[in-house]
Amino acid sequence: QSCRSFCDKPISKKQIEEINREAEDAGSQQSSEVKEKIEAAAKKAIEILNQGIDQLKLLTAQVQDSDTYRKTMRGKTAYFFSGGYLDDQGYGNRQYYKRYSFRTNLSTELFDWWKVAGSLSYSRHRQNLSGGASRAANFTTTLSSPWLRNEDNTGWVVSEKTGERMYSYGKYTNNFFGAHILNNSGDYWDNPNDDSFDNNMGHILSAQVNTEFTLPFNLKFRSALNIDDYWYRTMQYTSAVHGSGQTAPYGISILADGGYASRYNFNKRSTTWNNVLSGEWMIGDHTISGLVGHEWYTWDSHYEQGWGYGIMELGKYELSNTTKNFGVSGGRDKYSLLSFFGKVDYNFLNKYYLSASLREDGSSRFSSDHRWGTFWSTGGSWRISKEGFMEDLKWIDNLSLRGSYGTTGNDKLIVRESNGKAGDEVLYGYQGTYESDDLYLKSGLKPSTYPTPDLKWESNQQWNIGLDFSVFRISLIRLKI
């Protein structure tokens, strides 16, 4: 009402000026407060920024100190290290894949003429493939419980050893069929319930070291050694307690045939060692470069496998616990390749180029009479666009004619299976190999491959002639035969 009375009265010019002045004073006061708040916030932000800069300077100083620490009195040293861990859970109730890995690199310049470098990587895994039958094989009625009920269906049947519910394989019912979805739920490293399991583990190791020398007369010598090691092991067990023949007292009664165990080990180690001497020289308008080298590559693999039945004890999963139907197998393979090689390149005025290479390879796949193969190549090119008579043709950026001829070798021998797919490599084609062929419990052998002592290197001859050109700054175009 007072507001309405006030608003009904006419407002004079003086009153309007007083209202505007009061509004300006209030606005100025608010602006001052806002300004003070903005200045305070800016000051705080500057303080935080300065602290961040100081921390960054400190961190930079620490890194610089670390870099300084990596420097030796006669050169520089750099290193790198990383590690990782993976824990992947599978779809089954106890499936998993765990892997630990690390990698490190190190390089150092001991002198201006001597460098050394190396790297090491290692990973180790552990895997549990247990957790029921494969999804494709899981086929069982959904009306049946996967766990065993007692005879009058008043409770669960549990293991006398662990108290866990027993799996149902049709005991007291007649409607079980298919593969049990919970069977094979054990773990080699943790199996208190004596469940079946399927585990594997392994590692991959790769090590490399190299050194390089800068020698007089523009020569360089480099030597490198690489070693790779792969190991894989499987552990399988079929329960001596759980199965279609399980009986009371459950969890501690051994099946009539007992349990089954198998082990498989595979290891492959490869080594590569190469040495290369190289150099480059310029004599006036002539440039000559070349190298000579040697390389040795070899790998050695072997496997062992064993199995057995009749495990009649609880908590025993090793081959030594089997009592019948034992079996063992194993094998070893080796391969080696020794090579010597050389190459020479020559060019004159960056217009005329010549090159030649020669290598000698010896393979363990062949007999001593045909072990070595010699392969060579030669080639040349002419950069026509560098000639004086091409100077006026500005639209031609590059024009060169080249040609080469050479031979290459192949020592790989791969068997083709009956279905047309590639099979295993033949490592001992010049030798006769045999495989077991027992007859009525009498040990025997039969030929697996027949010897071919005249087997030798496959050699391919190749020649090439080509014209390379580019015009109007368009990408290089190649025509070759």
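For CD of E417, the number of neighbouring non-hydrogen atoms (other residues, nucleotides, ligands) closer than 6.0 Å is greater than 12. Annotation for Y450: atom OH does not count as buried by contact number, only 12 or fewer foreign heavy atoms lying within 6.0 Å. Counting non-hydrogen atoms of other residues, nucleotides and ligands closer than 6.0 Å to CH2 of W273 gives a total of 12 or fewer. Few gaps surround NZ on K351; more than 12 heavy atoms of other groups in view lie less than 6.0 Å from it. Within 6.0 Å of NZ on K115 lie no more than 12 heavy atoms contributed by other residues, nucleotides or ligands. Environment of CG in D87: crowded, with over 12 heavy atoms of neighbouring residues, nucleotides or ligands closer than 6.0 Å.
Of the inter-residue distances, the one linking W372 atom CH2 with E360 atom CD reads 6.5 Å to the nearest 0.5 angstrom. Residue F213 holds its CZ atom at 10.5 Å from CZ of F111, rounded to the nearest 0.5 Å. Here CG of N226 is found 7.5 Å from OG of S119. Values are rounded to the nearest 0.5 Å. Between atom CH2 of residue W299 and atom NZ of residue K334 there is a gap of 10.5 Å, rounded to the nearest 0.5 Å. Note that CG of L129 and CD of Q95 are 6.5 Å apart. Values are rounded to the nearest 0.5 Å. Annotation: the span from N191 atom CG to S130 atom OG amounts to 8.0 Å, rounded to 0.5 Å.
Salt bridge R263/E318: present, at least one basic N to carboxylate O contact under 4.0 Å.
S381 contributes no side-chain N or O that, together with a main-chain N or O of R402, makes up a donor-acceptor pair within less than 3.5 Å. With hydrogens and angles disregarded, a donor-acceptor distance shorter than 3.5 Å links the side chain of T378 to the backbone of S355. S239 places a side-chain N or O within 3.5 Å of a backbone atom of D194 that can act as its donor or acceptor partner. For the pair W113 (side chain) and P216 (backbone), a donor-acceptor distance under 3.5 Å is absent. The main-chain N or O of S363 is found under 3.5 Å from a side-chain atom of R371 such that the two form a donor-acceptor pair. Of the possible donor and acceptor atoms, one in the side chain of R365 sits under 3.5 Å from a partner among the backbone N and O of D411. Looking only at distances, a side-chain donor or acceptor of D438 sits under 3.5 Å from a matching main-chain atom of G444.
Looking only at atom types and distance, the side chain of S357 has a donor-acceptor partner in the side chain of S377 under 3.5 Å away. A donor and an acceptor atom, one from each side chain of T449 and T433, are located under 3.5 Å apart. Counting only N and O atoms by type, the side chains of S336 and T298 include a donor and acceptor under 3.5 Å apart. At a cut-off of 3.5 Å, with distance as the only test, no side-chain donor of N199 or R126 sits close to an acceptor on the other residue.
With sequence neighbours left out, the side-chain hydrogen bond (donor to acceptor under 3.5 Å, both in side chains) criterion links S339 to R359, D361. For Q236, the side-chain hydrogen bond (donor to acceptor under 3.5 Å, both in side chains) partners two or more places apart in sequence, or in a different chain, are D198, S262.
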> Passes side-chain hydrogen bond (donor to acceptor under 3.5 Å, both in side chains), R222 versus N274? Steps please.
Replying inline: CA-CA 8 Å; R222 189 179 189 274; N274 58 65; 4.6 Å; no

>> One pair to check against side chain to side chain contact (heavy atoms under 4.5 Å, CB included): E151 and V157. What are the steps and the verdict?
In response: CA-CA 9 Å; E151 188 171 3; V157 177; over 6 Å; no

> Does the salt bridge (Lys or Arg N to Asp or Glu O under 4.0 Å) test come out yes or no for D195 and R94, once each step is laid out?
Replying inline: CA-CA 11 Å; D195 288 307; R94 297 196 69 182; 5.2 Å; no

> Can you check side-chain hydrogen bond (donor to acceptor under 3.5 Å, both in side chains) on T154 and D152, steps first, answer last?
Replying inline: CA-CA 6 Å; T154 58; D152 55 5; 2.8 Å; yes

>> Go through it in stages, so that I can follow the logic: the residues are Y237 and F197, the test is ring pair (Phe, Tyr, Trp, His ring centres under 6.0 Å), and I'd like the CA-CA distance, side-chain angles, deciding distance and then a yes or no.
In response: CA-CA 5 Å; Y237 168 72; F197 58 74; 5.3 Å; yes

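Using a 4.5 Å heavy-atom cutoff, the side chains of T407 and W376 are in contact. Taking 4.5 Å as the limit, every side-chain heavy atom of E280 sits out of range of all side-chain heavy atoms of D345. Considering only heavy atoms from C-beta on, L106 stays 4.5 Å or farther from L120 through its side chain. Counting heavy atoms from C-beta on, the side chains of M282 and N218 never come closer than 4.5 Å. Counting only heavy atoms from C-beta outward, the side chains of L86 and Y97 approach each other to under 4.5 Å. Residues Y167 and S185 meet the side-chain proximity criterion, which asks for heavy atoms closer than 4.5 Å. Looking at heavy atoms from C-beta onward, P447 lies in side-chain contact with Y434 at the 4.5 angstrom threshold. Counting only heavy atoms from C-beta outward, the side chains of Y232 and I204 never approach each other to under 4.5 Å.
The salt bridge (charged side-chain N to carboxylate O under 4.0 Å, His left out) analysis of residues 446-456, with sequence neighbours excluded, yields the pairs E435-K446.
Here the closest heavy-atom approach between residue N410 and residue K412 is recorded as OD1-N, 3.1 Å. In terms of heavy-atom proximity, N210 sits nearest to A224 at CB-CB, 3.8 Å. Residues Y430 and S364 come closest through the heavy atom pair CE2-O, 3.5 Å. Closest of all the heavy-atom pairs between W307 and S329 is CZ3-OG, 4.1 Å. The minimum heavy-atom distance linking S278 with L291 is given by the pair CB-CB, 3.9 Å. Annotation for G423 and I414: closest pair O-CG2, 3.4 Å, computed over non-hydrogen atoms.
Annotation: cation-pi pair K98/Y96 present, NZ/CZ under 6.0 Å from the ring centroid and within 45° of its normal.
Ring pair Y260/Y309 is tilted by interplanar angle, where 30° to 60° counts as tilted. Ring geometry, F102 versus Y122: the interplanar angle falls from 30° to 60°, so the pair is classed tilted.
Under the side chain to side chain donor-acceptor pair (under 3.5 Å) test applied with R383, the options N350, N398, N347 reduce to a single match, N398. A side-chain contact (heavy atoms from CB on, under 4.5 Å) with I311 is found for one member of L255, T322, T323 and no other, namely T322. Applying ring pair (Phe, Tyr, Trp, His ring centres under 6.0 Å) to F375 and the options W457, Y405, F340 leaves one that passes, W457. Only one option out of D229, D300, D228, D333 pairs with R269 in a salt bridge (charged side-chain N to carboxylate O under 4.0 Å, His left out); it is D229. The only member of W231, Y230, Y100 that meets ring pair (Phe, Tyr, Trp, His ring centres under 6.0 Å) when paired with H203 is W231.
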